Amino acid sequence: MKRDPRDLVRYTAGERINHWIVGISFILLGVSGLALFHPAFFPFTMLFGGPTWTRILHPFLGVLMAVFFVFMFFRFLKNNLMRRIDWQWIGRIGEMVDGSDETMPAQGKYNGGQKLLFWLLALCMLLLIPSGILLWQVYFDFSVEARRWAAVIHSAAAVVMICLIFVHVYAAIWVKGTIRSMWYGTVTRAWARQHHRNWYEEVTKS
Amino acid sequence: MASLDIQARSATTTPSPGVRDYPDVAKLIDISKCIGCKACQVACMEWNDLRDVVGENTGSYQNPPDLDAKSWTLMRFYEVEPEPNRLEWLIRKDGCMHCADPGCLAACPSPGAIVKYSNGIVDFNQEHCIGCGYCITGCPFDIPRISQTDHKAYKCSLCSDRVAVGLEPACVKTCPTGAITFGSKPDMIDYAVDRVRDLQGRGFKNAALYDPPGVGGTHVMYVLQHADRPELYGLPQDPTISPLVELWKGVAKPVAIGVMAAVGLTALFHYITRGPNAVSKEIEEDEERKAKEEQQV
């Protein structure tokens with residue numbers, strides 16, 4: 001549904017569904033993972049049917065997220081390749097943080113910060129998936145030393161990823177008119193022109 | 001056991017009740033006196049009601065081949081030549097060492113699944129065990145085993161139930177040669193000193209007590225003929241909790257919470273100091289003008 005026929009389509013239904021499968025599984029993984037990481041969060045195990053269920057479910061949720069993350073990675077890969085302009089944008093990120101991005105280098109569908117986030121999240125997943133398999137001792141039998149390394153890497157990558165997602169969610173809340181693109185797929189022309197000028201030019205030309 | 005007897009508890013960041021003080025107990029295993037009869041294995045099975053599957057002969061007296069959720073103690077047989085052409089048949093009763101600083105307890109994420117009693121015994125409470133296997137990564141001696149039946153971790157309890165009522169562990173009671181003794185830790189060290197002196201007098205000049213300080217000492221100790229080379233018995237030279245586990249279960253936990261909280265609070269304060277990043281009125285009006293123009297055409 002378009003509120004205004006002039007609105008621009010930013011995400012297709014398929015992209016949105018894919019994003020939210022990853023998003024929901026990420027939240028469940030984060031909560032269950034924290035429960036097993038620090039006793040302060042152990043009560044979260046009650047959200048998953050108890051501590052043992054938390055231990056059983058966490059890795060299966062991990063598989064779900066990994067599969068849909070890979071789909072999403074390839075869907076969004078082309079628009080996230082880093083170019084020189086993106087590094088220039090990142091170099092001036094202070095202006096963005098100040099809330100005055102209209103004077104910054106014009107951006108395509110994604111700005112340098114979003115692209116950097118994309119790659120950092122992919123790197124986190126690249127660390128989380130194999131280390132998670134190493135720790136999944138019900139089905140795999142790896143050496144104790146490998147599992148010690150895996151525990152450290154898995155925890156560290158998870159904490160970094162949680163922080164990155166905080167930034168991702170906050171950016172969506174902070175930049176008004178953004179979240180609707182992940183709900184029903186469209187943004188206003190004014191939004192696109194202010195935040196992603198090159199993308200705006202590209203999609204309004206035709 | 002009453003909660004007052006617990007000295008340390010897994011995944012618990014506040015102190016356990018600790019007003020009462022009990023003497024540390026210890027089991028001393030004198031390898032020079034062991035004849036490998038496996039009576040201790042049988043007694044352990046019997047007292048703890050465990051029946052491991054009957055295994056197959058793998059060319060050694062060692063049976064079963066490894067510790068298991070149903071085999072909490074195991075005679076390990078080593079044929080070694082500490083000096084060339086001098087064969088020695090070393091037999092070590094393997095099982096939980098009951099570390100004063102237990103790595104399993106440090107690694108366990110489930111509150112109360114692993115406890116250390118104030119007499120030094122480290123015990124697993126299977127009803128709180130979630131089956132994650134972290135205790136295995138914490139243990140420097142490779143002792144805990146996850147059961148394939150119920151996915152809970154098991155190991156020697158030092159017969160905490162027997163000790164609680166003033167009895168010695170089942171293996172100690174049954175040992176026919178007196179190779180296993182049990183008592184207060186200072187008494188066991190005194191006894192070990194005598195045994196070491198005797199062995200040294202009989203030519204085992206490197207005989208000594210194995211009570212590794214890297215894990216704060218243990219509540220199961222060995223008298224070794226060749227204490228300079230514990231690897232001959234399959235024992236680590238200087239066991240400690242792995243630095244990786246120390247990092248993961250130590251400084252990483254508060255640092256992680258601090259970093260996540262800092263990022264979240266920074267976002268909140270950014271919002272309330274800078275305000276939302278909304279589309280500028282100017283651009284919005286310009287787009288509205290364009291829309292009107294298009295309608296008129």
Side-chain angles (χ1 to χ4, degrees), chain A residues 4-6 34-42 45 50-56 58 96-102 135-138 144-145 147-156 158-160 162-164 166-167 169-171 173-178 188-195 204, chain B residues 9-14 107-111 113 128-134 136-140 142 146 148 151-152 242-245 247-249 252-257 259-260 262-264 266-268 270-271 274-288 290-291 294:
Chain A
D4 177 341
R6 286 172 59 83
L34 283 172
L36 301 180
F37 173 69
H38 196 297
F41 301 119
F42 193 77
T45 57
T52 306
W53 270 112
T54 306
R55 184 270 296 165
I56 293 169
H58 180 89
M96 177 81 212
V97 173
D98 266 344
S100 48
D101 52 333
E102 65 276 3
L135 287 170
W136 202 359
Q137 59 84 37
V138 180
V144 171
E145 191 61 12
R147 280 149 66 187
R148 286 172 182 153
W149 278 102
V152 173
I153 292 167
H154 200 77
S155 319
V159 168
V160 170
I162 289 169
C163 291
L164 291 172
F166 278 179
V167 173
V169 170
Y170 176 65
I173 295 172
W174 179 53
V175 181
K176 296 300 163 195
T178 305
T188 64
R189 290 188 174 223
W191 181 94
R193 197 169 133 193
Q194 170 150 340
H195 302 298
T204 52
Chain B
R9 192 171 177 271
S10 56
T12 304
T13 42
T14 50
C108 177
S110 181
H128 295 305
C129 174
I130 65 170
C132 63
Y134 289 178
I136 298 170
T137 66
C139 180
D142 184 28
I146 302 273
Q148 289 307 305
H151 296 291
K152 305 282 177 204
S242 160
L244 292 166
V245 176
L247 172 67
W248 168 42
K249 290 292 168 176
K253 292 201 291 188
V255 167
I257 289 188
V259 169
M260 289 186 296
V263 172
T266 304
L268 173 70
H270 179 263
Y271 199 79
R274 296 274 183 248
N277 182 349
V279 177
S280 82
K281 262 278 173 297
E282 197 184 326
I283 294 178
E284 226 160 44
E285 278 160 14
D286 193 44
E287 283 296 329
E288 272 165 29
K290 275 195 203 167
E294 249 174 57

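Proteins get letters first, then strands, A, B, ... in listed order; numbering begins at 1 in each. Keep in mind it's a predicted model, so treat the numbers as computed, not measured.
When side chains are defined from C-beta on, B/Glu287 does not count as touching A/Thr204, because their heavy atoms never get closer than 4.5 Å. The closest side-chain heavy-atom distance from B/Asn277 to A/Lys176 is not below 4.5 Å. Residues A/Val167 and B/Val263 are in side-chain contact: their nearest non-hydrogen atoms beyond the backbone lie under 4.5 Å apart. A 4.5 Å side-chain heavy-atom check between A/Tyr170 and B/Leu268 finds every atom pair outside the cut-off.
Counting only distance, with no hydrogens or angles, the side chain of A/His38 and the backbone of B/Ile257 share no donor-acceptor pair below 3.5 Å. For the pair A/Gln194 (side chain) and B/Ser280 (backbone), a donor-acceptor distance under 3.5 Å is present.
Interface remark: B/Ile146 contributes side-chain atoms only to the contact with chain A (heavy atom separation under 4.5 Å). Residue contact with chain B, scored on non-hydrogen atoms closer than 4.5 Å, involves the side chain of A/Ile162 exclusively. For A/Gln137, the part lying under 4.5 angstrom from a heavy atom of chain B is the side chain only. Both the backbone and the side chain of A/Trp149 come within less than 4.5 Å of a heavy atom in chain B. Of the atoms belonging to A/His195, it is side-chain heavy atoms, and not backbone ones, that fall under 4.5 Å from chain B. Heavy-atom distances place the side chain of B/Glu294, and not its backbone, under 4.5 Å from chain A. Interface remark: B/Lys290 contributes backbone and side-chain atoms alike to the contact with chain A (heavy atom separation under 4.5 Å). Only the side chain of B/Leu247 comes within contact range of chain A, with at least one heavy atom under 4.5 Å from a heavy atom of that chain. For a residue to count as touching a neighbouring chain, one of its non-hydrogen atoms must lie under 4.5 Å from one of that chain's; by this rule A/Ile56 does not touch chain B.
Summarising the geometry, atom OG belonging to B/Ser110 is positioned 11.0 Å from atom CZ belonging to A/Arg55; distances are rounded to the nearest 0.5 Å. A distance of 7.0 Å separates NE2 of B/His270 from CG of A/Asp98, quoted to the nearest 0.5 Å. From A/Arg193, atom CZ reaches atom CG of B/Asp286 across 4.0 Å, with rounding to the nearest 0.5 Å.
By the neighbour-count criterion of 12 heavy atoms within 6.0 Å, atom CD of B/Glu282 is sparsely surrounded, having that number or fewer from other residues, nucleotides or ligands.
The greatest number of non-hydrogen atom pairs below 4.5 Å with chain A, out of B/Ala267, B/Ala262, B/Gly264, is found for B/Ala267. When each of B/Ser242, B/Ser10, B/Pro254, B/Ala107 is scored by its heavy-atom pairs under 4.5 Å with chain A, the top score falls to B/Ser242. The most heavy-atom pairs under 4.5 Å with chain B, out of A/Thr178, A/Val160, A/Val159, A/Leu34, come from A/Val159. Of the listed residues (A/Ala151, A/Ser155, A/Gly50, A/Gly99), the one with the most heavy-atom contacts under 4.5 Å to chain B is A/Ala151.
Between B/His151 and A/Val138, the shortest heavy-atom contact is CE1-CG1, 3.6 Å. Closest approach of A/Arg148 to B/Cys139, counting heavy atoms only: NH2-O, 3.0 Å. Heavy atoms only, all atoms of each residue included: A/Ala190 and B/Glu284 are closest at CB-CA, 3.9 Å. Of all heavy-atom pairs spanning A/Phe37 and B/Ala252, the tightest one is CZ-O, 3.8 Å. Of all the heavy atoms in B/Lys253 and A/Pro39, the pair that sits closest is NZ-CD, 3.7 Å. Nearest approach of B/Thr137 to A/Arg147, heavy atoms of both residues: CG2-CB, 3.9 Å.
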(request) Apply side chain to side chain contact (heavy atoms under 4.5 Å, CB included) to the pair A/Thr54 and B/Ile130, showing each step before the final yes or no. (result) CA-CA 9 Å; A/Thr54 306; B/Ile130 65 170; over 6 Å; no
(message) For a side chain to side chain contact (heavy atoms under 4.5 Å, CB included) check, start with the C-alpha distance between B/Cys132 and A/Leu36, then their side-chain angles and the critical distance, and finish with the verdict.
(response) CA-CA 9 Å; B/Cys132 63; A/Leu36 301 180; 5.8 Å; no
